[in-house]
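Structure first, commentary second.
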Amino acid sequence: MQKQQVSGIRVAMVYIGTVVGAGFATGQEILRFFVDFGFGGLWGIGLSTGLFVGYGVLIMRIGMAVGARSHRDILPELGGLVFQTGVDALILVSLFGGFTAMIAGSGALFGQEFGLHPALGGAVMGFFTALTVLRGLKGVIHAISSVVPFLLVSVVVICVGVLMGGNPMEIGSGRPMAAPTRMMGNWVWAAVLYGSYNILMSAAVLAPVGAVAADRRAVLRGGALGGIGLGAASVMIFLALSVSQAESGGFEVPMLYLAGQISPILGILFALVLLAEIYTTAVGSLYGFCARLRAGGQQNAAPKVIIGTAGVAFLASLFGFSNLVRYLYPLQGYGGILFLAALLIYAVRGLRRRRISAR
């Protein structure tokens with residue numbers, strides 16, 4: 001991919017596509033991290049949006065400065081060998097966890113929309129994802145950015161349809177279908193964890209994307225538009241789920257339920273868009289995971305690593321999609337806080353250096 005081809009708009013689409021996997025697009029993430037906290041969840045979305053914008057731009061700026069080819073290339077800028085090893089391991093675990101969630105999400109979608117056993121849907125997604133990675137991953141960024149507009153349009157249509165038929169007074173006033181876990185505690189901490197684990201996973205894509213962005217303006221514009229786009233879509237989903245929580249909150253894929261209530265045809269179309277988005281995110285996660293292992297000296301065993309990883313992830317996905325979102329994602333968020341702290345220290349030091357040099 002040539003550098004001048006990656007504009008700010010395309011950077012934004014890639015950023016959004018990296019985050020809006022099964023958890024986001026199905027509504028489970030917004031439900032568990034924000035809707036369950038009532039009206040305070042809206043403030044949480046605002047906080048997480050700020051994290052997406054600031055940290056997204058920062059990661060891409062570092063990636064551009066060092067010519068990053070993977071997330072590993074930006075780690076020496078943030079800390080010593082122990083830090084690099086720890087964060088590298090965290091990102092690796094997050095990529096595997098993300099891939100597992102994609103398989104579980106596709107299984108939940110197959111079960112809810114088509115009446116098939118979730119394990120069958122997960123197995124199909126795992127198979128085609130592994131097959132794609134085995135054949136190479138040229139054009140995966142193009143695939144991700146191509147699916148995002150369809151997903152965003154679908155989310156807007158569904159949410160507007162739900163809000164037109166709902167009661168605005170119900171927004172943020174309903175009881176949660178499941179009490180927030182102790183790992184999240186309150187909406188502030190939930191927002192930090194939500195931004196933390198998503199940024200940690202996104203670093204594997206954002207760092208090299210920053211290196212091929214057209215210029216600094218494209219990075220700034222892409223990070224800002226991407227973060228704000230994520231925030232706006234989150235608000236739409238929050239409002240739709242809030243006014244329909246009693247009906248949709250008990251489903252593994254609440255957004256798919258809402259789409260089907262508006263129109264059966266819309267439900268089927270949204271299911272197809274969801275599968276496409278889950279597929280591209282799953283491919284990115286599995287590729288990033290296995291590429292990192294190959295970089296560690298296991299290149300000859302790449303097919304075994306890919307197939308073995310897909311098999312283990314499939315077994316882990318049987319834990320259940322909503323359970324993975326509720327417990328695995330917050331745990332990944334705790335791990336990502338170390339990464340966010342290091343990035344913040346890097347940014348503060350950079351500001352101090354610029355102030356000193358300007359005197």
Side-chain angles (χ1 to χ4, degrees), residues 16 19-52 101 104-105 108-109 112 151-152 154-198 227-262 270 274 320-333:
I16 294 173
V19 174
V20 292
F24 183 96
T26 58
Q28 273 292 343
E29 284 184 4
I30 305 303
L31 183 67
R32 299 309 173 198
F33 281 85
F34 301 112
V35 176
D36 281 349
F37 290 98
F39 190 77
L42 280 175
W43 292 104
I45 291 175
L47 175 57
S48 66
T49 299
L51 294 175
F52 282 135
L109 190 152
Q112 184 173 314
L151 177 65
L152 293 180
S154 300
V155 167
V156 170
V157 170
I158 294 169
C159 293
V160 169
V162 171
L163 292 174
M164 288 179 64
N167 180 5
M169 298 301 293
E170 296 177 1
I171 294 176
S173 62
R175 292 184 178 181
M177 296 298 297
T181 66
R182 292 182 179 180
M183 290 184 289
M184 289 188 281
N186 55 59
W187 66 262
V188 176
W189 197 233
V192 171
L193 293 178
Y194 177 71
S196 176
Y197 85 80
N198 273 305
I228 293 172
L230 287 167
S234 298
V235 170
M236 294 289 291
I237 295 174
F238 176 94
L239 296 177
L241 292 178
S242 291
V243 301
S244 63
Q245 191 174 1
E247 298 82 21
S248 64
F251 286 88
E252 288 276 276
V253 191
M255 288 296 292
L256 183 59
Y257 167 79
L258 295 180
Q261 292 298 106
I262 296 173
F270 187 62
L274 271 179
F321 178 53
S322 59
N323 287 328
L324 286 170
V325 173
R326 194 174 179 212
Y327 297 105
L328 176 63
Y329 282 11
L331 284 174
Q332 292 179 183

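When reading the values below, keep in mind they use all heavy atoms of this one structure, side chains included, and skip hydrogens, waters and symmetry mates.
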Check against side-chain contact (heavy atoms from CB on, under 4.5 Å), N198 and E29:
CA-CA 11 Å; N198 273 305; E29 284 184 4; 4.1 Å; yes
Are M236 and I158 close enough, and set up right, to give a side-chain contact (heavy atoms from CB on, under 4.5 Å), and what steps lead you there?
CA-CA 9 Å; M236 294 289 291; I158 294 169; over 6 Å; no
[X] [atom1] to [Y] [atom2] distance, which is reported to the nearest 0.5 Å:
X	Y	atom1	atom2	result
I237	S242	CD1	OG	11.5 Å
L274	S154	CG	OG	8.0 Å
F39	F238	CZ	CZ	7.5 Å
F37	L31	CZ	CG	11.0 Å

Minimum heavy-atom distance [X]-[Y], with the two atoms named:
X	Y	result
I228	T49	CA-CG2, 4.1 Å
F34	G44	CE2-C, 3.5 Å
C159	A240	SG-CB, 3.8 Å
Q112	Y257	NE2-N, 3.4 Å
L51	G195	CD1-CA, 4.4 Å
V157	I262	O-CD1, 4.4 Å

I want to check something: taking the side chain as every heavy atom from C-beta on, are L241 and L258 in contact at a cut-off of under 4.5 Å?
yes
Assess whether side-chain contact (heavy atoms from CB on, under 4.5 Å) is satisfied between L193 and Y197, documenting all intermediate values.
CA-CA 6 Å; L193 293 178; Y197 85 80; 5.7 Å; no
For Y194 and F33, I'd like to know if the aromatic rings sit close, meaning centre-to-centre distance below 6.0 Å.
yes
